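Here's a structure for you.
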Amino acid sequence: MAAMTAAQSPAGQLLSVRDLAVVFRTRTGEVPAVREVSFDLARGEIFGLVGESGSGKSTVLTALTRMLARNARITSGRIGFDGADLLALREPAMRRLRGDRIGLIPQRPMTSLSPATSIGRQLRWHLDGLDDAGRLKELLGGVGLDALLDRLDGYPFEFSGGQLQRLLIAVAALGKQPDLLLADEPTTTLDATVQAQVLRLLLELRDRVGSAMVFVTHDLGVISQISDRIGVMYAGRLVEVAPARELFAAPRHPYTRALLEAIPVRHRRGEPLRTIPGTVTGANRLSGCPFAPRCPIALDLCREENPAPRETGLSLVRCHRAGEDL
Ligand SMILES: Nc1ncnc2c1ncn2[C@@H]1O[C@H](COP(=O)(O)OP(=O)(O)O)[C@@H](O)[C@H]1O
Ligand SMILES: [Mg+2]
């Protein structure tokens, strides 16, 4: 691979994001969408990124592929991927990486497929010919779509959302067997039963292919089913990173606690998390802790100074009061 630099990922880590910051230029000025985001991902590990709409999840994910919107700028940070410095790679090398080693599972399968081209033809586009009938059978069988083998001349609208999502997962995970899979709310448009099937499929593929995954969702139920580790985003920052079980058993950041408390007993999927008082608007411009205006335990210090991440138990928490017995 071109443009290799000294190994930047810590030993054993596939992905190492350090101090990532992204701003968007808008008519009303610059919007700091992502700030001081750092996390690592081991091979085969699933990292869930969760947070309210607008917290910066998609921006982090698209920064990892360097496919940000034109008005976006990465203002600081380093992204180490298997020893390469992603932000220093030339575009052709980055394109190869996106094709071979970093796979993307889209949010809406329908919009990622061409409506006027048969499924079979699109599979061939995505998978360099795919002439080998045996390989196609294996690929579709691998995501429970054996029945589609006889329907390859069908068009996307003739299939269900769940089938199309499986198809795209087959392409992204099995076709390319990437080291890293990125998924931005890949089950949000599916109904609950199909969603559960797709999540199971992703877990199964991780075991089979060994891909690591960054999985973005605003749904805590979904994130708990799929993640090994979870990062909670608030106003562009990662406010808590913890092993999944730890996060649910012992949430440390007041925002994480509020999120968990906001899950209704019978959580209805797809509903925005908006039962926490106050609003996130403008929080990414505050100088202190972005959550301070909504935080039930904020001190004066919290409004003045943004807390640095602190190790608390198994978690990394950005809270001045982390570790206090509250
Ligand atoms: N193309 C864009 N131009 C300007 N602002 C943007 C653009 N995309 C996202 N943003 C802003 O960046 C912030 C983070 O957005 P996003 O990463 O999409 O959040 P999430 O995926 O968590 O919903 C939001 O404040 C959003 O309004
Ligand atoms: Mg998003």
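Order of appearance sets the numbers: ligands from 1, and atoms from 1 within every ligand. Source: prediction; values computed, not measured.
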I'd like to know whether ligand 1 has Ser53 as a neighbour, heavy-atom separation below 4.0 Å. yes
Would you kindly specify which portion of Asn71 sits under 4.0 Å from ligand 1, judged on non-hydrogen atoms: side chain, backbone, both or neither? side chain
Is there a donor-acceptor pair under 3.5 Å between the side chain of Arg43 and the backbone N or O of Ala212? no
Is a side-chain N or O of Glu240 found less than 3.5 angstrom from the main chain of Arg252, in a donor-acceptor match? yes
Please output the side-chain donor-acceptor pairs of residues 142-154 that fall under 3.5 Å, not counting sequence neighbours, one pair per line with the distance.
residue : atom : partner : partner atom : Å
Arg151  : NH2  : Glu158  : O            : 3.1

Short of 2.8 Å from the Mg ion (ligand 2), name each protein N/O/S atom, waters not counted. Ser58 OG
To the nearest 0.5 Å, atom CG of Asp179 lies from atom CG of Asp82 at 6.0 Å
I'd like to check which ligand 1 atoms, numbered from 1 as shown, lie under 4.0 Å from a non-hydrogen atom of Ser55. 19 (O), 20 (P), 22 (O)
Check whether any side-chain heavy atom of Phe81 lies under 4.5 Å from a side-chain heavy atom of Leu64, and answer yes or no. no
Name the orientation class of the two ring planes belonging to Phe39 and Phe47 (parallel below 30°, tilted from 30 to 60°, perpendicular beyond 60°). parallel
Say whether, by atom type as modelled, one donor and one acceptor occur between the side chain of Ser112 and the main chain of Pro106 under 3.5 angstrom. no
What I'd like to find out is whether the side chain of Arg78 reaches to under 4.5 Å of the side chain of Leu86, using heavy atoms alone. no
In ligand 1, which numbered atoms sit nearer than 4.0 Å to a non-hydrogen atom of Thr59? 14 (C), 15 (O), 16 (P), 17 (O)
Would you mind listing every side-chain hydrogen bond (donor to acceptor under 3.5 Å, both in side chains) that reaches into residues 196-205, with sequence neighbours excluded? Glu204-Arg208
side-chain contact (heavy atoms from CB on, under 4.5 Å) partners for Glu304, two or more places apart: Asp300
For Ala69, the atoms of ligand 1 under 4.0 Å from one of its heavy atoms are 1 (N)
With heavy atoms under 4.0 Å as the rule, classify the contact between Thr26 and ligand 1 as side chain, backbone, both or neither. side chain
Using non-hydrogen atoms of the residue, decide whether Glu52 is closer than 4.0 angstrom to ligand 1. yes
Test of proximity, Gly54 against ligand 1: N or O pairs below 3.5 Å: yes
